[in-house]
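The chains referred to below are lettered A, B, ... by the order of the sequence lines, with proteins before strands, and numbering in each begins at 1.
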2 protein chains.
Amino acid sequence: MKLYTYFRSSAAYRVRIALGLKGLPYEAVPVHLLKNGGEQLGEPYRGINPAALVPALQDDGATITQSMAIIEYLEEVHPQTPLLPAAPADRARVRALAQTIACDTHPLSNLRVLKYLTGTLGISDEAKTEWMHQWMKLGLASFEALLGDGKAGRFCHGDTPSLADCVLLPQVFNAQRFGVDLAPYPQIVRIAANCSELPAFQAAHPSRQPDAE
Amino acid sequence: MKLYTYFRSSAAYRVRIALGLKGLPYEAVPVHLLKNGGEQLGEPYRGINPAALVPALQDDGATITQSMAIIEYLEEVHPQTPLLPAAPADRARVRALAQTIACDTHPLSNLRVLKYLTGTLGISDEAKTEWMHQWMKLGLASFEALLGDGKAGRFCHGDTPSLADCVLLPQVFNAQRFGVDLAPYPQIVRIAANCSELPAFQAAHPSRQPDAE
């Protein structure tokens, strides 16, 4: 398997964690999101993913895009170390947690959005930071509230890591990177600490990637 | 089943289509996103969905949130009229199309984001419209490009409607509502027309909801 990745991409980070939890070896192909005007926007990469975003996974002749679709694919093809629980309502809970980050939180602070805010709209760096904090805090608060249903354990769902943890950790990394105070989210802080003890989460960390800077 | 919905919510619209395609009856409980400062933000509704967003589905004692998690749940519990194909790579393709809208496109023009842009950042109505057009055009162009892999048929994946069509149609509705020219996306226009002929898509349309204004 070949993963097109960028060390700091939250979406690629999610997939790296899932690959690690399932013990699947892969070749990392770095795509630099900033150099040369963004390598993801150039023709060679658009031939792999016409949406011009990382990650993309190539496996068995197919190219899979979108981090959550990739993780669901890995779950179906390599069911060992399941990242979704068995019961439909529990699976929905894990997916809803993941989507709270992947749909409601992360898209608002990705690279192209921040560029538009500072470039086209001309907002200041301070206003940009406030923007990021606004959506990260709202997303983390929602996630924390959803965790309060008694189904969290050592991890977001019970005592084994799931898709929800794969998506949460990169968002926690981003929040810390941009100075968001995590004290209001004690369950998230506790779960993130538990995740960080596992080799799969450690190996997927941006600082441990071949393209880390 | 009880669906907490708002007639114009794209996310609720997706779920209404899926329920219709599967022939599942449900009770619609309207949550008004604008009246009373936003009913989704008030205490009664937060007790149902702590993330304060529609839709939420109540079924068999469980509350499921996040539109794509709800549709995956419906797919698992009511497999008749499948909304995902059988092969893992094809399922991934359909999910990636859905996420191209649900993660990369729609979150940038939802109500709370537009409020922040015009309120906190004080941008003009013209700049707000340009913002929405920017992300809708980018998302639709990515979707159109992803459709170009030879696997689209009458619908996004082959000749039966899928999760991807459930997510596409509400985005097309939004794009038309805000004056985005759809001519550059001929596959999307063709598929949307095919969807619009089906009773499930018609019945889910905002104008046909009990809370339509």
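- Heavy-atom distances place no part of B:I70 under 4.5 Å from chain A, backbone and side chain included.
- If you measure heavy-atom distances from B:V94 to chain A, you find no contacts under 4.5 Å at all.
- Taking A:A51, A:G61, A:P88, A:A62 one by one and counting their heavy-atom pairs under 4.5 Å with chain B, the maximum is reached by A:P88.
- If you measure heavy-atom distances from A:W131 to chain B, the contacts under 4.5 Å come from both the backbone and the side chain.
- Between A:L121 atom CG and B:Q134 atom CD the span is 9.5 Å, to the nearest 0.5 Å.
- Looking only at heavy-atom pairs under 4.5 Å with chain B, the residue among A:T100, A:T63, A:V77 that has the most is A:T100.
- Heavy atoms of B:L138 lying under 4.5 Å from chain A belong exclusively to its side chain.
- Counting all heavy atoms, side chain and backbone alike, B:M68 lies closest to A:C103 at CE-SG, 3.9 Å.
- Across all their heavy atoms, A:R112 and B:W135 have their closest contact at O-CH2, 3.5 Å.
- Annotation: the span from B:L117 atom CG to A:L117 atom CG amounts to 7.0 Å, rounded to 0.5 Å.
- Nearest heavy-atom pair across A:A96 and B:A69 is N-CB, 3.8 Å.
- Using a 4.5 Å cut-off between heavy atoms, A:N49 touches chain B through its side chain atoms alone.
- With a threshold of 4.5 angstrom between heavy atoms, B:R46 does not approach chain A through any atom at all.
- For chain B, no part of A:R93 is nearby; none of its heavy atoms comes within less than 4.5 Å.
- For the atom pair CG (B:L53) and CD (A:Q99), the distance works out to 12.0 Å, reported to the nearest 0.5 Å.
- Interface residue A:A92: backbone and side-chain heavy atoms are both found under 4.5 Å from chain B.
- The pair B:R95-A:E75 fails the salt-bridge criterion, with no side-chain N (NZ, NE, NH1 or NH2) lying under 4.0 Å from an Asp/Glu carboxylate O.
- Put simply, CG on A:D104 and CG on B:N110 are 7.5 Å apart, with the number rounded to the nearest 0.5 Å.
- Residue A:L97 does not touch chain B at all, counting heavy-atom pairs closer than 4.5 Å.
- Ranked by heavy-atom pairs under 4.5 Å with chain A, the first of B:V113, B:L146, B:T120 is B:V113.
- Of the two parts of A:L108, the backbone and the side chain both hold a non-hydrogen atom closer than 4.5 Å to a non-hydrogen atom of chain B.
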